[in-house]
Amino acid sequence: MYSTVYSGALLGISAYMVEVEVDVSNGIPSFSMVGMLGTEVRESKERVCVALKNTGIDIPPMRITVNLSPADKRKEGTAFDLPIAVALMESLEFFEKGASKGILFLGELGLNGEIRPVKGVLPIIKSAAQFGFKECVVPKDNALEAAVIPGIKVRGIADIKELLGFLSVNVEKRDELFPAITVDIDKFFREANPGEQPDFADVYGQESAKRAAEIAAAGFHNILMVGPPGAGKSMIAARIAGIMPPLSIEESLEASSVASVAGLIDPKEPLIRIRPFMSPHHTVTIQALTGGGSSMPRPGLISQAHRGVLFLDELPEFGRNTLDCLRQPLEDKEIHIARVAGNITYPADFMLVCAMNPCPCGYYPDLNRCKCTQTSVQKYMGRISGPVLDRIDLCVLLHPVEISRMQDEKKGESSQVIRERIMRARQIQKKRFQGMSISFNGDMSSKEIDRFCKLGEKERALMENLYKNLKLSARAYHRILKVARTIADLDESDSILEKHILEAACMRLGGDGNGNF
Amino acid sequence: MAISEHEMRKAYLYAFSWVYGPKNRFLRQILERYGNDPEKAFFQELKGNPRYERDVFNEYMDLLNKGINVTFITEDDYPLRLLDIPDPPFAVFYRGKLPPDQILSVSVIGARDCSEYGKYVARILGEAFGRNGINVISGMARGIDGIAQKASMDAGGESYGVLGNGVDICYPAENRDIYDRLSINGGVLSEYLPGTKPLPGYFPPRNRIVSGLSDAVIVVEARVKSGTLITVDMALEQGKDVYVVPGRINDRLSDGCNRLIKQGAGIVISVEDMIEELKNREPVFDFSCRGYDQVLGHRKAVKVDRSIKTFLPDPDEKKGEIIPMNDDEKAIFDELDLNPKSIDDIAKTLGISTPQASMLLMSLALKGAVKQVGAGYFCLKI
């Protein structure tokens, strides 16, 4: 008897549909599986057989052939256990023929017959909905995740027994006996409580660094913080995601898809509501950062930081090659990875926040404490590749915190207050870039800068003065304008004024003209 | 090629230098053994010596063709001041000129990683000396040395750099511009053979030449443990006057200076005062006491010319009154000094917001009144 059941497989953060065909016929008893299978899929044979046996289903000694089609694409992961089991049971007529029609199955089997969660449910179900599937069966723990996709009925099933029950009842009675899982996304997002995140009020002093963080978050500018150990660089970085506007549903779906592929979705939290904050250690490999893997590339940290913050602490300690890999994703907001299994594109639209000590000992420019020579300071700075620095709009120097600041009763502004200002600035940007491919000041290219950063007579003269006096490069000139645009937006000013330009110039990279910071 | 007798002597001496390097005492002894006749010494000592199978004249011409000159302790153009020090170099290689004996020369030395204050003092001292025809001698190092030398050349003076490597190598490489200018507006000197790489051990000995070529040594900034203080020790050993620029007592970069003051060094309180001081000193070098007069019978001590032009200070300090600024800018300007301060500190002291402070500081920086030393630090520009 032949039967066929549908499932899906990941291709980056999109998916393609897989047809699982099972044929049971007379002949020498065997169980063979074909269709360019990875190790996990080949092992699925054992899991399926034992799980069925332990549920009380006996597999007769016959010739069983399983094919996963399209057979020329490499299949990986454990999600095919369930569709194979379903197709096998259908072939053996454990339930009525056609009961599985139009349903997409995903799930891993335990030997006791339970259905376990798998990776990538969100993107697979999303694609399934696009392919026209109206119903799907997923592990109970993945049900909420699948339910965020509209237009497809989601059944969360716990084990094979329940599944058999589901497939055996009349189609009309299914909704009554096995209600579809639903999630009210709007309500879910309204309930979002970002208050659990670290707050800016906890950071002592460092007003200019906080200000720079605010500007960076408002305009989606990449930022570099330079300061001695213990000044609060990491604290500020960890709080930047919290002052960015809450994730929109579209943004969340993208970020959640990546998290789903990486297997990072919490069963109780189907969608990511808090902006991701990724802080890789400086020993991170290129593959871990950009994504990769031997066969089907997995998303790297830059993709997991999609719509959030990628924080690189101790920037000069990162391998030069590793940092250079960020150049293209910083430009394109996505990363293309080519492997045997195919070319994958993962989204990688993150805000880059970097932190570093000013010199190997950490205390420059305090010459009383700094033990480094001018050469070693410059060498330290020189470890960072120019092209990466080129993509950093803002640079701010932190100083050691004085005791008086820590004992100061007065707390700093809370993240809440800062976020409100930022949201107003983002609103302005949203209007400005309506119908364009970019959405933030930080994304502007020189063409857009010319269009949106119009200067008055006085401001032009000031920029000219800056350009000559500070020996700016053309790129630095544009960066100052971009940042000035954001500062003006924060100020809710239509035109860029002198004060905005001056403040932006103060935070430029290479402040001392010697190529330091 | 025709070559003068004088050059012939140098060619032979160069051969000795080539074989033995800076073994100054040993080389002098050899020469004395042959009655200071390099030709004789060469044919007795080096001719046929497997360590020197070269053509004496070609080697010497090659050197000259590279733009490098050389003088030796027995020669007439050897700087007289060096005869006055305990361990004079046997050979002095140089590009450009040798410091003239009759012109007052001062060495300005100090830390490589100097503060803004040190940079400022080095600059105004260098400038003043340059404008007044006083030669500045130093080590062409990063920081104080290079800044003072550059300032003196900028002001139209001459400067001489003594290197711890061959004169054909520019070390540190970033002082390339100073190196190139020194060959024109002064000279680059070294006791090491051309091609000698800069090694740590070569620098302390060169310091004795820096102080040896000077009539006075001025220390701008020095930590307690530093190469600068080695130079000072050498200067004291050579009987030179040492002046130091005082610093704050909590400043590690001035610890060395302040300690020297405690030990009785002269103090630089202003450029005018320094110039006055130098004008009134008696000549300090008198080589006749060392017994070299037999060797150099015809050479006598030269009187150093101390006639110094009128010195006019730059109206630098009055900047605050010249540059137009509004009241807010003035308030910030008054708050700043030569020690870099962070924007946050300035904003806190004045009770204004950080954006406001950075705006005002940047505007002052554009007017040339203050200087940004990093993304968040500012100090007065002088």
Side-chain angles (χ1 to χ4, degrees), chain A residues 205-212 214-215 224-227 358 364-378 394-402 404-405 462 465-466 468-470 487 490-491 497-514 516-517, chain B residues 111-119 141-143 146 171-175 221 223 225 247-255 328-329 339-348 352-368 370-379 381:
Chain A
Q206 308 298 9
E207 296 306 326
S208 48
K210 284 187 205 165
R211 170 75 178 164
E214 178 182 336
I215 296 167
L224 169 68
M225 290 185 282
V226 185
Y364 185 85
D366 181 356
L367 293 181
N368 281 338
R369 287 170 84 185
C370 179
K371 297 276 182 297
C372 307
T373 60
Q374 196 66 42
T375 341
S376 61
V377 173
Q378 257 153 21
L394 282 165
C395 172
V396 67
L397 226 65
L398 281 79
H399 43 86
V401 187
E402 293 153 30
S404 63
R405 296 273 175 154
L462 175 66
N465 195 352
L466 277 170
K468 282 184 189 147
N469 265 319
L470 304 179
I487 297 175
L490 278 170
D491 216 9
L497 302 178
E498 278 180 305
K499 59 177 180 178
H500 304 139
I501 295 176
L502 285 171
E503 196 187 345
C506 195
M507 294 183 187
R508 76 193 186 282
L509 209 65
D512 70 349
N514 294 336
N516 292 347
F517 326 124
Chain B
R112 287 189 299 262
D113 314 310
C114 52
S115 67
E116 290 298 322
Y117 169 69
K119 285 182 194 166
R142 281 177 206 110
Y171 178 85
E174 70 234 42
N175 280 352
E221 260 185 340
R223 292 178 197 266
K225 211 174 147 242
R248 299 180 186 221
I249 58 169
N250 64 350
D251 194 345
R252 295 289 82 78
L253 270 167
S254 285
D255 275 356
D328 290 345
E329 288 173 342
N339 286 325
K341 285 187 178 162
S342 75
I343 300 177
D344 287 3
D345 282 345
I346 298 163
K348 201 189 172 199
I352 55 176
S353 73
T354 318
Q356 172 82 354
S358 34
M359 182 201 101
L360 291 171
L361 283 165
M362 218 40 228
S363 142
L364 281 173
L366 274 185
K367 289 178 180 169
V370 308
K371 183 175 164 193
Q372 191 176 13
V373 287
Y377 283 81
F378 285 85
C379 69
K381 186 174 180 180

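Predicted, not measured: the structure shown is a model, and the values here were computed from it. Computed from heavy atoms alone, side chains included, the values below leave out hydrogens, waters and symmetry copies. Naming: A, B, ... by sequence-line order, numbering from 1 per chain.
At a 4.5 Å heavy-atom cutoff, the contact between A:L398 and chain B is made by backbone atoms alone. If you measure heavy-atom distances from B:S358 to chain A, the contacts under 4.5 Å come from both the backbone and the side chain. Only the backbone of B:N250 comes within less than 4.5 Å of a heavy atom of chain A; no side-chain atom from C-beta onward does. Residue A:N465 touches chain B through both its backbone and its side chain, counting heavy-atom pairs closer than 4.5 Å.
Between A:R211 atom CZ and B:I343 atom CD1 the span is 11.5 Å, to the nearest 0.5 Å. To the nearest 0.5 angstrom, B:S363 atom OG is 8.0 Å from A:E498 atom CD. Note that OG of B:S353 is 8.0 Å distant from CD of A:E503, once rounded to the nearest 0.5 Å. Atom CD1 of residue B:I346 and atom OG of residue A:S208 lie 10.0 Å apart, to the nearest 0.5 angstrom. Atom NE2 in A:H399 sits 3.5 Å away from atom CG in B:D344 (nearest 0.5 Å). For the atom pair CG (A:L470) and CG (B:L366), the distance works out to 5.5 Å, reported to the nearest 0.5 Å.
Ranked by non-hydrogen atom pairs under 4.5 Å with chain A, the options B:P355, B:A347, B:C114 are led by B:P355.
Within 6.0 Å of atom CZ in B:R112, 12 or fewer heavy atoms from other residues, nucleotides or ligands are found, so the atom counts as exposed in its surroundings. Crowding of B:K341 atom NZ: a count of heavy atoms from other residues, nucleotides or ligands under 6.0 Å exceeding 12.
With a 4.5 Å cut-off on side-chain heavy atoms, B:M362 and A:L466 count as touching.
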